[in-house]
Amino acid sequence: MGISGGFGAVLEGVHTSVAALDALALEDRNLEHSALTAAAGDIDVLQHRYELCLEGLELTARLEAQLAAVKSRQVARAVEFQQAMTPPDASVQDRTYAQMSVVEEIAGVLTLSSAAAGAFVEQSRRVCSLPPVMNALAAGAMSWQHARIVADETEGLTAEGAASLVAHFFDPDTPHPARGAAPGEIVPSRFRAKVRGWRERHHPESIEKRHAKGVADRRMEYTPDRDGMAWISLYLPGDTACAIWNRTTATARGLQGPGEERTVTQLRPDIAASLLLGTKNTTQTGKSTEVGKVPTPRADVLVTVPVLSLLGQTDEPATLDGFGPIPASMARKLVADGADSFYRVLVDPRDGAPLEIGRKNYRLTETIKRSIRLRDAKCTFPGCNNRTPDNDTDHLTAWQHGGVTGASNLAQLCPRHHRLKHNSMWTPGPANKNEPPGWTSPTGRHYSPEHRDAEPTHWPLAANAFPDVESALLDTGPQEKFLEPEAIPLDDPLWEEFYSRPFVLPPDPLKDCWNMMQPWP
């Protein structure tokens, strides 16, 4: 990273955005004057000024991103200048104090704490060291929040690993680029989930090893808060936490009714407290209910597992709906015995996509609902984070208007956005079996869909795990056998034979760890 490289281009982008904002402000003043003098003619002044406000917001967001690029570039340059001024023969102690000094100087200039300034310096330097990320920020194509996410998630990776992650999301010409909306078109929390998911799948250290370390650190924390309130948090394995969340959500749904005034958000902590303390759950109307006697709706959770990972031939992570990547051993545990609320979805090793099941009737089967849940992962409306257990499976084009019941005409919508769709001009686009719909706003703005990055699953080099099938599929010579799935036609009957085989799960490598987590008798 050069001390001044590209800085002029960043400033030029700022000047362009400011000029565009000035032009919008002038146009708005002219429209206001036209409305006051009745000179607007056939122009819908209010509608036009409303659209100018939206354009102004877009430009302001772009300018904020460009200013963030200027800010982070200035921070990185300040650190580089400080390093250049440090004598080459300076001791380690002198270098350390010089670095501390520049961080404290930046903290004073920006009115930040020392810790916040130190974090900002590290994030700025990392963003500046990743040209595609800095270029997107300087162009105003994404916010500082998005850039910071990349900086955070590349921490601890090698230079090659960080470059691969950045290329996946910012270089459309890289092999297997990210699908769907661009980074700046996804709300930061969803972008972090996608980046973290890719990082988990491609991290050089096995997720099994990292998970084992995390399990050892499980804990409960208690933090008093103001207004007589407090926080209780649990640091648990993802499957356990996900099961707790879905169980309390489903129980809350079961408690709702004409006599229940509490929202689902309020019911969840009440239910958790009732279960932990063994008390009755009391409604605001004074009616008490034993949580254990409440009919709890079933809350199925999808566990997406690559076939060969399920069989123990690879360590490729599975994906837990509503959580993200989990170790293969955890997925095997969930689908092996008794975990009847977890629904196993096998990933096709040919292209990484789940199997599609269609139907031509209006009424949706649980199978097709699950397949749409698997594809969409959440409400498909732009920016919505509502997870699948709360959502409806909606016809994009209404059944009475000729809409069919198939993957191309179905999508997940939370209740709120389901109502908005039917009572406004927000219009969904088409979908297909692997991609959810995009959306068009009443003003004509299009929002690209967000969807998962399906990748071909990992294959072991030696073909010795499936002797009945591989002998026909994978013979490459008398000396060695290697898996070559792309060389086998998709309609080859050997694939059907492969999937018809019973899948025998391997021993659980973390069995002792799981046993330690069971409740005491």
Side-chain angles (χ1 to χ4, degrees), residues 115 118-119 122 126 149 151-158 161-162 165 189 192-225 230-249 268-269 272-273 275-277 301-306 308-342 344 387 458 505-521:
E122 288 304 312
R126 196 169 294 120
I149 287 167
D152 291 343
E153 296 299 331
T154 53
E155 183 178 3
L157 297 180
T158 63
L165 186 150
S189 60
R192 184 181 290 278
K194 293 194 74 172
V195 174
R196 183 164 293 174
W198 192 94
R199 182 183 188 273
E200 291 291 325
R201 293 197 301 269
H202 297 271
H203 198 284
E205 184 179 13
S206 165
I207 191 174
E208 296 284 356
K209 295 180 180 178
R210 288 180 283 129
H211 176 67
K213 297 175 184 176
V215 170
D217 291 335
R218 63 191 183 277
R219 58 189 179 274
M220 174 186 284
E221 294 182 351
Y222 165 72
T223 307
D225 204 354
W231 293 94
I232 290 284
S233 59
L234 303 173
Y235 184 61
L236 295 168
D239 60 331
T240 305
C242 189
I244 291 172
W245 176 260
N246 284 284
R247 172 66 184 275
T248 53
T249 299
R268 285 192 188 101
L275 292 173
L276 284 171
L277 299 175
V301 181
L302 304 180
V303 184
T304 307
V305 194
L308 298 179
S309 178
L310 183 72
L311 299 177
Q313 299 303 310
T314 70
D315 292 327
E316 187 174 6
T319 300
L320 183 62
D321 182 37
F323 177 78
I326 59 173
S329 61
M330 181 185 291
R332 297 182 202 117
K333 179 176 71 74
L334 290 176
V335 302
D337 302 303
D340 57 0
S341 64
F342 292 90
R344 184 184 73 182
R387 303 299 310 181
H458 298 171
L505 300 181
D508 185 353
L510 296 180
K511 182 177 180 180
D512 294 339
C513 182
W514 304 128
N515 291 338
M516 290 174 60
M517 294 183 58
Q518 299 305 311
W520 289 6

Item checked: Sequence-distant partners of D217, side chain to side chain donor-acceptor pair (under 3.5 Å), two or more places apart -> none

Check: Looking at A318 and P306, what are the two nearest heavy atoms and their distance?
Finding: CA-CD, 4.2 Å

Margin query: Pair V305, E316 - check side chain to side chain contact (heavy atoms under 4.5 Å, CB included), show working.
Written below: CA-CA 9 Å; V305 194; E316 187 174 6; over 6 Å; no

Check: Would a distance-only check, ignoring hydrogens and angles, find a side-chain to backbone donor-acceptor pair under 3.5 Å from E208 to S329?
Finding: yes

Note to self: Could you report the tightest heavy-atom contact between Y222 and A230, atom names first, then the distance?
What the structure shows: CE1-CB, 3.6 Å

Checklist line | Atom pair OG1/CZ of T240 and R218 - distance to nearest 0.5 Å | finding: 9.5 Å

Item checked: Closest approach of R199 to E155 (non-hydrogen atoms, all atoms of both residues) -> NH2-O, 3.2 Å

Next item on the list: Identify the two heavy atoms, one from A162 and one from L157, that lie closest to each other, and give their separation to 0.1 Å.
Entry: N-CB, 4.0 Å

Checklist line | Heavy-atom side-chain contact between W231 and E221 under 4.5 Å | finding: no

Checklist line | Close side-chain approach of L165 and H202, heavy atoms under 4.5 Å | finding: no

Checklist line | Partner set under salt bridge (charged side-chain N to carboxylate O under 4.0 Å, His left out) for R192, not counting sequence neighbours | finding: D152, E153

Next item on the list: Would you check, one step at a time, whether the test side chain to side chain contact (heavy atoms under 4.5 Å, CB included) holds for I244 with L236?
Entry: CA-CA 10 Å; I244 291 172; L236 295 168; 3.8 Å; yes

Checklist line | Closest approach of I326 to I207 (non-hydrogen atoms, all atoms of both residues) | finding: C-CD1, 3.8 Å

Next item on the list: Output the distance between atom NE2 (H211) and atom CG (D239), rounded to the nearest 0.5 Å.
Entry: 6.5 Å

